[in-house]
Amino acid sequence: GRADRILSGLTAELVEVAPDAPTYYSAADGTYTTIDRLFLAIPTSAAALLAARARVIDAPDALAARDLSDHAPVHFELAFPKPLQRKTCPISIDIVRHPRCKFHLDALRHAARLDDDDDGHFRGCPVDRWHQEKALMIEAARLTRRDAQAHPEAEADPVLARDALLRAVARAVWMPDRRRAEHLLAAWVGASDLIEFVGITPVLRDPAAFERERRDVHLAATAARRRQRLQQDLPRSGAARR
C-alpha cells in the first residue's frame, strides 16, 4: 500500500538487520509478527564486513501476559566478527569449491611431496601433516582466487566471480587497503571502472552505482548458490529413496 511505498523510499539506501524472532504479539488472534524494523545508514558493501545481530531478549507474549508490552525488546550488536588484518582476506566458499582449487591443491601436494613413502602415506606427525596441508589449501585457494580475479568472464559462473570481485573491492576501500587495491587494479582490467586512488587512499569512483551493483550481484549469487546446493542434494535424496 501507500505506507509500504513510503517506507521503501525512505529505506532504499539503508541496510536492514532482521531480528532473530518475532517482535510483536497480537493477543486478539494469538499471532506473532515482526513489525519492529532496524536499519543501518551504512553502505551494504561496508555492512558485509561487519557482524550485525538483532536478538529478541524476551518473548512478546510473556510481556503481554504481564501487561508490560506487546512488543519485545531487541538487543542490537554491531562489531567486526574478529580482528581484521589488511594482509589477509577471508576465502570464499565458492573459491574452495571451485574445480581449479583442487587442481592447484593436487599440484602443490605433489611438489611438496607430503605423501612421500612407497604407500603414499605420510609417516610424520599427524599435527605437522595437518599444518602443512592447511598451508597448501590456503595457497591453492589464493591461486584460484587470483585466476578468477584476472579473468572473471571466463569463469563457469560469472555471477559468483563478479560477487567475489565486488567483495574484494569493498574490502580494499573500507579497510582501507592500498596494497589490495593496487593488486586488483593490476590483476583485473575492470577494477579501474570501480576503484581509483585519491592520494594514497583507494575510493569508489561511483559509490551509489557500486552499491546498487553489489546488491544486485549478491542477490543473484545467493540464488546461484541455492541452485547449486539443490543440484547437489538431488542425487543424495534419490539414493535415499532407493
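Computation of the quantities below employed the complete heavy-atom set of this structure, encompassing side-chain atoms and omitting hydrogens, waters and symmetry-equivalent molecules.
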Minimum heavy-atom separation for Met175 and Arg171, please, with both atom names.
CG-O, 2.9 Å

Tell me, yes or no, whether the heavy-atom count around Arg66 atom CZ, taken from other residues, nucleotides or ligands under 6.0 Å, exceeds 12.
yes

Backbone N/O of Ile35 and side chain of Thr33: donor-acceptor pair under 3.5 Å:
no

Taking the side chain as C-beta and beyond, is there a heavy-atom pair between Leu185 and Ser192 under 4.5 Å?
yes

Nearest atoms (heavy-atom pairs only) where Arg167 meets Asp163
NH1-OD2, 2.6 Å

A side-chain contact here means heavy atoms from C-beta on lying under 4.5 Å apart; do Leu105 and Met137 qualify?
yes

Verify the cluster assignment for Ile42 and Phe76: are they in a single hydrophobic cluster under the rule of side-chain heavy atoms below 4.5 Å apart?
yes

Answer with yes or no whether the hydrophobic clustering places Leu194 together with Val159; edges join I, L, V, M, F, W, Y residues whose side-chain heavy atoms lie under 4.5 Å apart.
no

Carefully, step by step, assess His110 and Asp106 under the rule side-chain contact (heavy atoms from CB on, under 4.5 Å).
CA-CA 6 Å; His110 179 74; Asp106 289 343; over 6 Å; no

Heavy-atom donor-acceptor pair, Asp70 side chain to Pro60 backbone, under 3.5 Å:
no

Residues Ala172 and Ala181: closest non-hydrogen pair is CB-N, 3.9 Å

Can you get from Leu63 to Tyr24 by hopping between Ile, Leu, Val, Met, Phe, Trp and Tyr side chains that sit under 4.5 Å apart?
no

Note, Arg100 side chain near Leu143 side chain (heavy atom, < 4.5 Å):
no

Heavy atoms of other groups near Ile200 CD1, more than 12 under 6.0 Å:
no

Determine, using the 4.5 Å side-chain heavy-atom cutoff (strictly less than), whether Leu184 and Phe197 are members of one ILVMFWY cluster.
yes

With a 4.0 Å cut-off, would you call Arg214 and Glu211 a salt bridge?
no

Give me the atom names and distance for the closest heavy-atom approach of Thr144 to Cys101.
OG1-CA, 3.1 Å

Within 6.0 Å of CZ in Phe103, more than 12 heavy atoms from elsewhere
no

Specify the closest pair of heavy atoms between Val169 and Phe210, including all atoms of both residues, with the distance to one decimal.
CG1-CE1, 3.7 Å

Tightest non-hydrogen contact, residues Ala52 and Leu40, listed as CB-CD1, 4.5 Å

